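Just below is one structure, and these are the notes that go with it.
Both backbone and side-chain heavy atoms feed into the values below; hydrogens, waters and symmetry mates do not. To find a chain, count down the sequence lines: A is the first, B the second, and so on, and within it residues start at 1. All values reported here derive from a predicted model rather than from experimental measurement.
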Amino acid sequence: MKEILIEIIRNAITEAKTAGEIETKELPPLYLEAPKKPEHGDFAVNIAMKMAQTEGKPPRKIAETIIKRITGHPIIDKAEIAGPGFINFFMSNEYWLKTLSEIETLGENYGKCSIGKGQKILLEYVSANPTGPLHIGHGRGAALGDSLSRILRAAGYDVATEFYINDAGSQVQNLALSVLLRCREIKGEEVEWSENLYKGEYVNDLAQEFLEKGGKIIVEQAGPYALNEILGWLRRDLEGFNVTFDKWFSEKSLYDSDKVQKAIDWLKQKALMYDKDGALWFRSTDFGDDKDRVVIRENGEPTYFASDIAYHHDKFQRGFNTLINIWGADHHGYIPRMKAVVQALGHDKESLKVLLVQMVSLLRNGQPVIMSKRSGEFITLKEVMDEVGADAAKYTFLTRRPDSQMDFDLEIVKSQSSENPVYYMQYAYARACNIERFAEEKNLTILPASKVNLGLLKLPEEIRIIKALTAYPEVVEGAALSFEPHRLTAYLQELAGHFHSYYRGNRVVTDDIPLSQARMVMIKGLKTVIGNALGLVGVSAPKSM
RNA sequence: GCGUCUGUAGCUCAGCUGGAUAGAGCAAUGGUCUUCGAAACCAUUGGCCGCAGGUUCGAAUCCUGCCAGACGCACCA
């Protein structure tokens with residue numbers, strides 16, 4: 001809808017140019033911004049200020065020559081010069097009301113766009129080691145990845161999501177050993193625990209169950225058993241968080257299908273590998289990394305980096321041109337070497353986007369809860385969700401920027417549970433549904449937008465709501481382009497606020513039938529947009545609470 | 001020591017490619033239910049945007065330096 005206005009302004013400048021009133025050849029980019037203050041209109045343009053230098057005239061003078069060629073459009077109430085040289089546009093209600101018909105025809109497609117052009121994106125997230133239950137930090141990554149996948153799909157990208165299972169390296173070996181040792185302990189044997197083994201409570205449980213099911217105390221049996229059990233937990237806990245993946249990608253499968261070796265050979269051919277000190281190294285410094293990295297160790301074992309190379313090679317070979325990885329911030333040192341791989345494989349380094357989620361410290365009453373897999377003293381994601389609810393937990397993550405570290409205080413989130421912001425938005429949705437129910441009870445005939453006199457919607461509160469509804473598609477687009485789901489929660493907060501405020505002051509269903517019908521169109525629009533937005537955040541939209 | 005991220009109201013955080021008098025929520029205080037759900041609304045209080053320079057018509061936003069915190073700097077992930 002904004003395009004109409006941009007076109008009008010552009011035409012005015014072109015006309016002024018032909019009339020010789022403007023000399024600048026290369027026009028600065030023209031975009032509309034939304035002023036914070038209502039006195040500054042609906043849209044503001046700063047082009048006159050941008051042109052001040054090349055024109056050699058004061059901004060306000062330039063604004064004047066543009067503005068005098070913008071008159072008589074039904075969608076513009078007025079355009080005026082303000083401040084240092086802004087041109088402020090006040091749009092007519094006619095302009096805004098178009099949105100309601102648009103929402104009605106598009107329904108759950110309202111807000112979707114095609115900027116993604118079907119581009120194939122592989123979004124990999126969580127990818128927690130299958131050596132223990134998920135914790136709160138994984139929850140943050142899961143919430144971000146899940147919402148981002150929904151947003152990118154809405155923006156027209158062809159998104160596939162994957163959980164990469166590290167089921168091949170030393171960590172799963174350690175897990176297997178841990179379970180074995182625990183089994184022996186249960187049998188009364190005295191064993192020695194080395195530093196890198198897992199001693200959590202869950203290891204005891206695994207060992208216990210393994211023995212009960214008649215498992216033999218050998219690595220070949222205990223290892224796969226433990227791995228399989230834990231993968232089941234991960235899947236179950238993520239589903240409980242309403243997070244699912246298109247594919248669970250096994251690291252081991254890369255070895256079984258020889259893809260690791262093939263990827264290494266490929267880089268060898270390009271002379272990007274060399275031997276030193278008995279190990280095989282990748283020349284990541286050729287692509288900006290601080291140092292070269294070992295791919296095959298002196299003892300012949302590949303590093304995790306080796307399979308990571310193969311995995312990303314495989315992603316590209318499957319036709320994805322943009323790879324997004326969501327990592328915990330403690331892995332940030334890994335980025336340069338992965339970017340190096342991407343370039344070595346012949347792709348632009350920008351085709352790999354790594355989004356970092358900062359650490360989450362779990363608190364209870366302001367006191368840190370010690371989190372360590374080794375010591376076994378930690379609270380799992382599942383326990384957190386059981387305590388505060390999946391929607392509340394997700395929302396809490398998605399109101400914050402991923403790159404700022406956060407405190408998650410169980411007592412605070414719990415004590416505010418009924419006032420948690422997520423309920424504010426869900427309540428707005430339920431409220432819209434409730435008004436619909438009430439209208440039906442009153443036998444109000446609900447008509448489509450085209451059959452209703454929408455001009456009756458002229459209260460400032462109504463126009464404010466409709467303006468917010470108009471902005472929704474841009475919010476989705478912005479969130480997609482910046483990979484920032486938290487823009488959706490911020491938007492929802494504002495929209496729900498307008499709605500609640502309106503509701504307290506005005507009745508929707510009254511004896512005034514035409515007015516009620518017009519307002520119902522708006523309520524349905526609200527319901528659609530709030531529902532769509534909640535869907536992109538990844539939380540539920542309840543019809544009643 | 002080097003690198004990445006962060007520093008905005010008492011607390012938790014927004015602030016979109018630089019824009020006009022920096023915004024929410026929570027907490028605090030005082031109001032609002034005979035009428036579509038009060039999980040809501042209205043009002044008040046609250047700020048040297050970490051500090052110091054620089055860039056320009058204009059800086060919370062960009063650049064430099066410093067201070068503070070988190071996380072990294074393996075042939076572990």
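Rounded to whole Å, the distance from CG on A:Leu526 to C1' on B:A40 is 15 Å. Remark: C1' of B:C75 and CD of A:Glu301 are 11 Å apart, rounded to the nearest angstrom. In this structure, the CG atom of A:Asp407 is 22 Å from the P atom of B:G25, given to the nearest Å. Distance A:Arg504 CZ to B:G31 C1': 12 Å, rounded to the nearest Å. Note: CG (A:Leu32) to C1' (B:C16) measures 14 Å, nearest angstrom. Spacing between atom CD1 of A:Ile264 and atom C1' of B:C75 amounts to 13 Å, rounded to whole angstrom units. Between the NE2 atom of A:His498 and the P atom of B:A24 there is a distance of 11 Å, given to the nearest Å. Atom CZ in A:Arg60 sits roughly 12 Å away from atom C1' in B:A20 (whole-Å rounding).
Distance noted for atom C1' between B:U61 and B:A22: 11 Å (whole Å). Nucleotides B:C62 and B:G18 have their C1' atoms positioned 7 Å apart, rounded to a whole Å. Between B:A60 and B:G15, the two P atoms lie 16 Å apart (nearest whole Å). Rounded to whole Å, the P atom of B:C2 lies 30 Å from the corresponding atom of B:A9. Atom P of B:C16 sits at a distance of 28 Å from the matching atom of B:A68, rounded to the whole Å. Spacing of P atoms, B:U32 relative to B:G19, comes out at 42 Å, to the nearest Å. B:C75 and B:A14 are spaced 36 Å apart, taking the P atom of each and rounding to whole Å. Look at the C1' atom in both B:A59 and B:C49: the space between them is 11 Å, to the nearest Å.
Under a 3.5 Å cut-off, the side chain of A:Ser284 and the backbone N or O of A:Ala340 do not form any donor-acceptor pair. A distance-only check finds no donor-acceptor pair linking the side chain of A:Lys276 to the backbone of A:Trp281 [under 3.5 Å]. Checked by atom type and distance alone, the side chain of A:Arg519 pairs as donor or acceptor with a backbone atom of A:Arg507 at under 3.5 Å. In terms of modelled atom types and a separation under 3.5 Å, the side chain of A:His500 and the main chain of A:Tyr427 share no donor-acceptor contact. Proximity of a side-chain donor or acceptor of A:Tyr503 to a complementary backbone N or O of A:Ala432 within less than 3.5 Å is not detected.
At least one side-chain nitrogen or oxygen of A:Arg297 sits closer than 4.0 Å to the OP1 or OP2 atom of B:C76. At least one side-chain nitrogen or oxygen of A:Tyr503 sits closer than 4.0 Å to the OP1 or OP2 atom of B:A38. Distances shorter than 4.0 Å separate some side-chain N or O of A:Tyr424 from OP1 or OP2 on B:C41. For B:A14, one of the phosphate oxygens OP1 or OP2 lies less than 4.0 angstrom from a side-chain nitrogen or oxygen of A:Ser404. At least one side-chain nitrogen or oxygen of A:His486 sits closer than 4.0 Å to the OP1 or OP2 atom of B:G15. Contact between the side-chain N/O atoms of A:Arg437 and the OP1/OP2 oxygens of B:C36 is not found at any separation under 4.0 Å. Checking the phosphate oxygens (OP1, OP2) of B:A39, no side-chain nitrogen or oxygen of A:Tyr423 falls inside 4.0 Å. Contact annotation: A:Thr510 does not reach the phosphate of B:C36 (side-chain N/O to OP1 or OP2, under 4.0 Å).
A donor atom on one side chain and an acceptor atom on the other are found under 3.5 Å apart for A:Tyr502 and A:Glu462. One side chain, A:Glu162 or A:Tyr311, offers a donor N or O that lies under 3.5 Å from an acceptor on the other. Residues A:Thr131 and A:Gln171 bring no donor and acceptor atom of their side chains to less than 3.5 Å of each other.
With RNA chain B read from its 5' end, the first of the two nearest nucleotides for A:His40 and A:Ala496 is the one closest to A:His40. Annotation: of the two residues near RNA chain B, A:His500 and A:Lys276, the 5′-most nearest-nucleotide partner is A:His500.
A:Ser544 comes within contact range of at least one nucleobase, with a heavy-atom separation under 4.0 Å. Residue contacts shown for A:Ala479 are absent, as no nucleic acid heavy atom lies under 4.0 Å away. Contacts of A:Asp292 with the nucleic acid, taken as non-hydrogen atoms under 4.0 Å apart, are absent. Among the heavy atoms of the strands lying under 4.0 Å from A:Asn46 is at least one base atom, whether or not backbone atoms are also near.
The listed nucleotides are B:U6, B:G25, B:A40; the one nearest the side chain of A:Gln493 is B:G25. Picking from B:A20, B:C75, B:C16 the nucleotide with the shortest atom distance to the side chain of A:Thr303 gives B:C75. When the nucleotides B:U4, B:U6, B:C36 are ranked by their closest atom to the side chain of A:Val509, B:C36 comes out on top. Proximity note for A:Met406 (side chain, C-beta onward) versus B:A40, B:C13, B:U35: the nearest is B:C13.
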Sub-3.5 Å pairs of nitrogen or oxygen atoms, protein against nucleotides 70-74 of chain B:
| residue | atom | partner | partner atom | Å |
| --- | --- | --- | --- | --- |
| B:A70 | O4' | A:Gln405 | NE2 | 3.0 |

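Rounded to the nearest 0.5 angstrom, A:Leu534 CG and A:Tyr429 OH are separated by 8.5 Å.
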In dot-bracket form, how is RNA chain B paired, counting a Watson-Crick or G-U wobble pair only if both its distances are under 3.5 Å and using | for bases paired to another strand? (((((((..((((.....[...)))).(((((.......))))).....(((((..]....))))))))))))....

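Counting non-hydrogen atoms of neighbouring residues, nucleotides and ligands closer than 6.0 angstrom, the NZ atom of A:Lys467 exceeds 12 such neighbours.
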